[in-house]
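As structure tokens, the structure follows; a few thoughts come after it.
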2 protein chains.
Amino acid sequence: MNKTVQRTVIFEELHGVKIHPTADEVYAMARKRMPNISIATVYRNLETMATNGDILRLDIAGKRRRYDADLSKHYHLRCRSCGGVSDISQAAISQVTQKLEKLKGVSGIEGYSLEFRGICEHCQNGEVK
Amino acid sequence: MNKTVQRTVIFEELHGVKIHPTADEVYAMARKRMPNISIATVYRNLETMATNGDILRLDIAGKRRRYDADLSKHYHLRCRSCGGVSDISQAAISQVTQKLEKLKGVSGIEGYSLEFRGICEHCQNGEVK
DNA sequence: ATTCTTTTTGATAATGATTACTATTACTAG
DNA sequence: CTAGTAATAGTAATCATTATCAAAAAGAAT
């Protein structure tokens with residue numbers, strides 16, 4: 001993994017924002033400092049960094065993949081209006097998860113999705129789908 | 001909303017499975033009964049049915065959209081191996097959400113994502129992104 | 001049932017996001 | 001400095017989904 005100007009720019013730009021940008025948004029930010037960086041370079045490096053554990057690839061609903069420079073465990077709020085993703089504090093989440101039923105009453109919160117990842121019985125038994 | 005053979009087939013096939021298929025998978029199932037149904041018809045009808053509230057459009061991580069004929073409130077497990085999505089009972093979820101920290105110990109569960117939807121402060125203040 | 005109007009279909013083109021490819025350029029050992 | 005490897009820009013290809021549109025099917029009215 002060589003050090004290149006492009007990689008540094010991408011990494012720094014991702015660290016510079018509190019939102020969780022898509023590759024496209026990182027591309028737009030990087031372009032300001034490096035006008036002819038390629039969109040392919042941005043996609044490629046975000047994926048590599050995520051695989052190396054240097055940044056987080058947010059596996060979240062929506063058709064555009066998002067990345068996060070904050071590696072600590074935290075949760076997200078997706079805005080119905082702008083489509084952006086922002087953080088929810090761990091403290092807030094704890095309260096909320098203890099009373100999921102009352103969620104709808106929380107200001108601004110309209111819904112949530114909870115998805116678990118693992119191996120289903122089917123696959124555990126070695127059956128071919 | 002007229003009644004057509006295609007619509008009936010799509011609806012019935014979706015009801016016939018416990019998995020939560022993608023449009024592609026519904027297409028494959030429908031084809032067995034109606035060899036020259038168009039993939040566009042499947043996409044179109046799944047979307048229409050979801051909008052009408054006849055089926056659920058699962059807004060879930062992953063690049064392929066999934067649909068569910070079970071309208072009751074429930075949660076999902078995505079399999080790392082086959083990529084499929086299966087159900088998790090409400091009872092199980094209740095226990096789990098009460099002790100999220102112990103999650104990793106549960107057999108087969110390797111991770112989860114929790115996403116809230118609503119309007120962020122930014123948009124609530126009418127700021128343009 | 002026949003005609004008229006509207007909806008739906010099948011086939012395919014278009015789109016948007018992401019990934020693959022490739023010739024060229026930049027790093028890094030030695 | 002030079003050979004060898006890795007990374008880049010530019011662009012083509014792919015994948016999932018959506019849009020388009022002429023032809024076929026449904027429903028309504030006669």
Side-chain angles (χ1 to χ4, degrees), chain A residues 1-14 19-52 54-68 78 82-85 115 129, chain B residues 1-14 19-52 54-68 78 82-85 115 129:
Chain A
M1 182 86 162
N2 292 343
K3 182 172 290 184
T4 67
V5 195
Q6 289 86 341
R7 261 206 254 278
T8 309
V9 169
I10 291 168
F11 191 72
E12 286 178 359
E13 288 301 321
L14 188 59
I19 63 163
H20 308 310
T22 59
D24 226 55
E25 290 167 340
V26 174
Y27 174 58
M29 300 188 295
R31 262 190 138 177
K32 291 178 186 163
R33 287 171 60 184
M34 237 194 143
N36 52 354
I37 191 174
S38 167
I39 180 89
T41 301
V42 175
Y43 269 101
R44 204 187 316 111
N45 280 299
L46 286 173
E47 278 304 295
T48 314
M49 290 177 197
T51 302
N52 291 357
D54 300 324
I55 65 173
L56 278 183
R57 170 177 29 229
L58 303 184
D59 200 13
I60 197 174
K63 58 183 64 173
R64 287 152 64 150
R65 184 171 293 164
R66 291 171 179 277
Y67 299 87
D68 192 348
R78 173 181 301 274
C82 68
V85 175
E115 179 182 324
K129 199 187 171 187
Chain B
M1 179 93 157
N2 292 344
K3 182 171 293 184
T4 66
V5 194
Q6 290 85 341
R7 263 207 253 279
T8 309
V9 169
I10 291 167
F11 191 71
E12 286 178 358
E13 289 300 321
L14 188 59
I19 63 163
H20 309 309
T22 60
D24 227 56
E25 289 167 341
V26 174
Y27 175 57
M29 299 187 296
R31 262 190 137 178
K32 292 178 184 163
R33 285 173 60 185
M34 238 197 142
N36 52 352
I37 191 172
S38 167
I39 180 92
T41 302
V42 175
Y43 269 101
R44 206 185 312 113
N45 281 300
L46 287 172
E47 278 305 293
T48 314
M49 290 175 195
T51 302
N52 292 359
D54 300 323
I55 64 173
L56 277 185
R57 173 178 26 232
L58 303 184
D59 200 12
I60 197 174
K63 57 184 61 173
R64 288 153 63 153
R65 184 172 294 163
R66 290 172 179 278
Y67 298 87
D68 192 348
R78 173 181 300 275
C82 68
V85 174
E115 179 181 326
K129 196 188 171 186

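Letters go in sequence order (proteins before strands), and every chain restarts at 1.
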### 5′-ward residue of the pair B/T4/A/N45 relative to DNA chain D
A/N45
### Task
State whether B/E13 and B/K32 are salt-bridged, where the test is any N-O pair (Lys NZ or Arg NE/NH1/NH2 against Asp/Glu carboxylate O) under 4.0 Å.
no
### Task
With DNA chain C as reference, determine whether B/R7 or A/A23 sits nearer its 5' end, using the nearest nucleotide of each.
B/R7
### Query
So, does A/T41 use its side chain to make a donor-acceptor pair with the main chain of A/I37 at under 3.5 Å?
no
## Note on the structure
Looking only at D/dA26, D/dA19, D/dG10, the nucleotide nearest the B/A40 side chain is D/dA19
### Query
With respect to the side chain of B/R64, which nucleotide from C/dT19, D/dA16, D/dA9 is positioned closest?
D/dA16
### Query
Are OP1 or OP2 of C/dG10 and a side-chain N or O of B/T41 less than 4.0 angstrom apart?
yes
### Nearest listed nucleotide, side chain of A/N2, among C/dA17, C/dC27, D/dA19
C/dC27
### Query
Given C/dA26, is OP1 or OP2 found less than 4.0 Å from the side-chain N or O atoms of A/Q6?
no
### Summary
Testing C/dG10, C/dA17, D/dT17 for proximity to the side chain of B/Y43, the answer is D/dT17
### Query
Are the side chain of B/R66 and the backbone of B/H20 linked by a donor-acceptor contact shorter than 3.5 Å?
yes
### Task
For D/dT18, take OP1 and OP2 only and decide whether either is under 4.0 Å from a side-chain N or O of B/R44.
no
